[in-house]
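See structure below.
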Amino acid sequence: MPTTESADNDQLFVLTAVLLTPAQFPSVLGDDYPEVCAGLGLEPYAEGYGLVLGQDGDGARWTVATEDVSLVACAIAAWDCGMEYDLSPGESSIVGALPGWPLALAVAAPEVPAPHDPQPQEGDPAPLAPPDAEAWGPAQRRLGADEIAMQWAAWREQVDGDEGFAEPGDEAHPGVRRVLDEARAYVTDPPPPGRVRSSFAAGEARTLRVDGPGWSMVARTDDIAFVLLDEEPGEVHPVGRGPELPGLLSSLDELAVRPV
């Protein structure tokens, strides 16, 4: 089991790690990078952080925030390839050790007590806890958008021809209309970092992830878009390209943050 050292020099058994940067962060935690940082009590520095989740020798949950983003990125890449990687950020790079975990984990360190929040000390922040994603709301809406982005081909196959598309100018879909209007406003009035993210897709296309108050949109720059709304639980609205969408997606891609 990889280990690192927490801020109070206690051994930490590392379970997983995630990136927290303007271009890459756990979407379930917020619509943009500053919002996620605020929820964790961190300053939204442009360079971002790595978050290391683990347990101490007593089994308590801790989240260690480090400024060594490259180290955490290398560890994640190695683990994704099935390779071992000893993730041990240097003490000088550690910003702080936060009690609790912001994400739900189904794993635990061996030979230590079951995961639990540490005993609070006077002045300590409340332990981090995962957002409630059981009932439909912002967290589940963002998780739904994540799923569409990861399983694009499967979702795209469900849309047959032009049937079922909400057209960008179709007033019969006011929620979709509002989303596209707000997304278009981002082009002239850029939103907080992370509201518009661009990642690799097949060919020369890009996958766009765009979020706003109460909505998420996933799109391919060479294809259609899917819209999810807080006010419509579980509904996914495909948006046809038409004359409007291609230009909007191109403009959003130009202002989007991208993984380094």
Item to check | Hphob cluster co-occupancy, L248 + V257, side-chain heavy atoms under 4.5 angstrom | outcome: no
Checklist entry - Does a side-chain heavy-atom distance below 4.5 Å link L42 with L51? => result yes
Next on the checklist: Using the rule given for side chain to side chain contact (heavy atoms under 4.5 Å, CB included), can you reason through E204 versus D222, listing the C-alpha separation, both sets of side-chain angles and the distance that settles it, and then say yes or no?
Outcome noted: CA-CA 9 Å; E204 298 182 359; D222 64 347; over 6 Å; no
Atom pairs and distances, donor-acceptor, side-chain atoms in residues 190-203, under 3.5 Å, two or more places apart:
from : atom 1 : to   : atom 2 : distance (Å)
R195 : NE     : D32  : OD2    : 2.8
R195 : NH1    : Y186 : OH     : 3.2
R195 : NH2    : D32  : OD2    : 3.2
R197 : NE     : G194 : O      : 3.2
R197 : NH1    : S27  : OG     : 3.4
R197 : NH2    : S27  : OG     : 3.1
S198 : OG     : R206 : NE     : 2.8
S198 : OG     : R206 : NH2    : 3.4
S198 : OG     : D253 : OD1    : 2.7

Item to check | pair L71-Y85: side-chain heavy atoms closer than 4.5 Å | outcome: yes
Checklist outcome for this item: D80 meets the side-chain hydrogen bond (donor to acceptor under 3.5 Å, both in side chains) criterion, sequence neighbours left out, with none
Checklist entry - With a 4.5 Å heavy-atom cut-off, do I224 and R156 have their side chains touching? => result yes
Checklist outcome for this item: Residue set satisfying side-chain contact (heavy atoms from CB on, under 4.5 Å) with S250, at least two apart, ordered chain then number -> E254
Next on the checklist: Minimum heavy-atom separation for V52 and P89, please, with both atom names.
Outcome noted: CG2-CG, 4.4 Å
Next on the checklist: Under 4.5 Å between side-chain heavy atoms, counting indirect links through other Ile/Leu/Val/Met/Phe/Trp/Tyr residues: same cluster for V227 and M150 or not?
Outcome noted: no
Item to check | Side-chain (D58) to main-chain (A60) donor-acceptor, under 3.5 angstrom | outcome: no
Item to check | Closest contact, heavy atoms only, P26 versus L103 | outcome: CB-CD2, 3.9 Å
Item to check | Partners meeting side-chain contact (heavy atoms from CB on, under 4.5 Å) with P246 (sequence neighbours left out) | outcome: R241
Checklist outcome for this item: Separation between CE (M217) and CG (L208), nearest 0.5 Å, reads 7.0 Å
Checklist entry - Heavy-atom distance under 4.5 Å between the side chains of L20 and L40, does that happen here? => result yes
Item to check | Euclidean distance, E157 CD relative to Q151 CD, rounded to 0.5 Å | outcome: 11.0 Å
Next on the checklist: Any salt bridge linking R142 with D146? Criterion: basic side-chain nitrogen under 4.0 Å from a carboxylate oxygen.
Outcome noted: no
Review item, side-chain donor-acceptor pairs of residues 123-132, under 3.5 Å, at least two apart:
from : atom 1 : to   : atom 2 : distance (Å)
D124 : OD2    : Q121 : N      : 3.0
D132 : OD1    : E134 : N      : 3.0

Next on the checklist: Checking V236 now: which residues fulfil side-chain contact (heavy atoms from CB on, under 4.5 Å) with it, not counting sequence neighbours?
Outcome noted: I148, W155, F226, L228
Checklist entry - Can you hop from L19 to I94 via hydrophobic side chains spaced under 4.5 Å? => result yes
Checklist entry - What are the two closest non-hydrogen atoms of G54 and L12, and how far apart are they? => result C-CD1, 3.6 Å
Checklist entry - Transitively linked via ILVMFWY side-chain contacts under 4.5 Å: L105 with F25? => result yes
Next on the checklist: Hydrogens and angles aside, do D68 and T66 bring a side-chain donor and acceptor to less than 3.5 Å of each other?
Outcome noted: no
Next on the checklist: E232: which residues meet the side-chain hydrogen bond (donor to acceptor under 3.5 Å, both in side chains) condition with it, sequence neighbours left out?
Outcome noted: H237
Item to check | Student check: side-chain heavy atoms of Q55 and W101 closer than 4.5 Å | outcome: yes
Next on the checklist: Using modelled atom types and a 3.5 Å cut-off, is there a donor and acceptor pairing between side-chain atoms of Y49 and backbone atoms of C37?
Outcome noted: no
Item to check | Partners meeting salt bridge (Lys or Arg N to Asp or Glu O under 4.0 Å) with E47 (sequence neighbours left out) | outcome: none
Next on the checklist: Side chains of V210 and V179, heavy atoms from C-beta outward: is any pair under 4.5 Å?
Outcome noted: no
Item to check | Qualifying residues under salt bridge (Lys or Arg N to Asp or Glu O under 4.0 Å), relative to R141, sequence neighbours excluded | outcome: D31, D211, D230
Item to check | Heavy-atom check, side chain of W79 versus side chain of L87, under 4.5 Å | outcome: yes
Item to check | Minimum heavy-atom distance between V239 and L245, given as atom pair plus value | outcome: O-CD2, 3.7 Å
N/O donor to acceptor pairs below 3.5 angstrom from side-chain atoms of residues 107-118, sequence neighbours left out:
from : atom 1 : to   : atom 2 : distance (Å)
H116 : ND1    : A114 : O      : 2.9
D117 : OD1    : R61  : NH1    : 3.0

Checklist entry - What residues form a salt bridge (Lys or Arg N to Asp or Glu O under 4.0 Å) with E182, not counting sequence neighbours? => result R178
Checklist entry - Quick one: side-chain contact (heavy atoms from CB on, under 4.5 Å) partners of A77, sequence neighbours excluded? => result none
Item to check | W152 and V218, any side-chain heavy atoms less than 4.5 Å apart | outcome: yes
Item to check | Smallest separation among heavy atoms of P102 and L53, with atom names | outcome: CD-CD2, 4.2 Å
Checklist entry - What pair of heavy atoms forms the shortest contact from V69 to T21, and how long is it? => result CG1-CG2, 4.0 Å
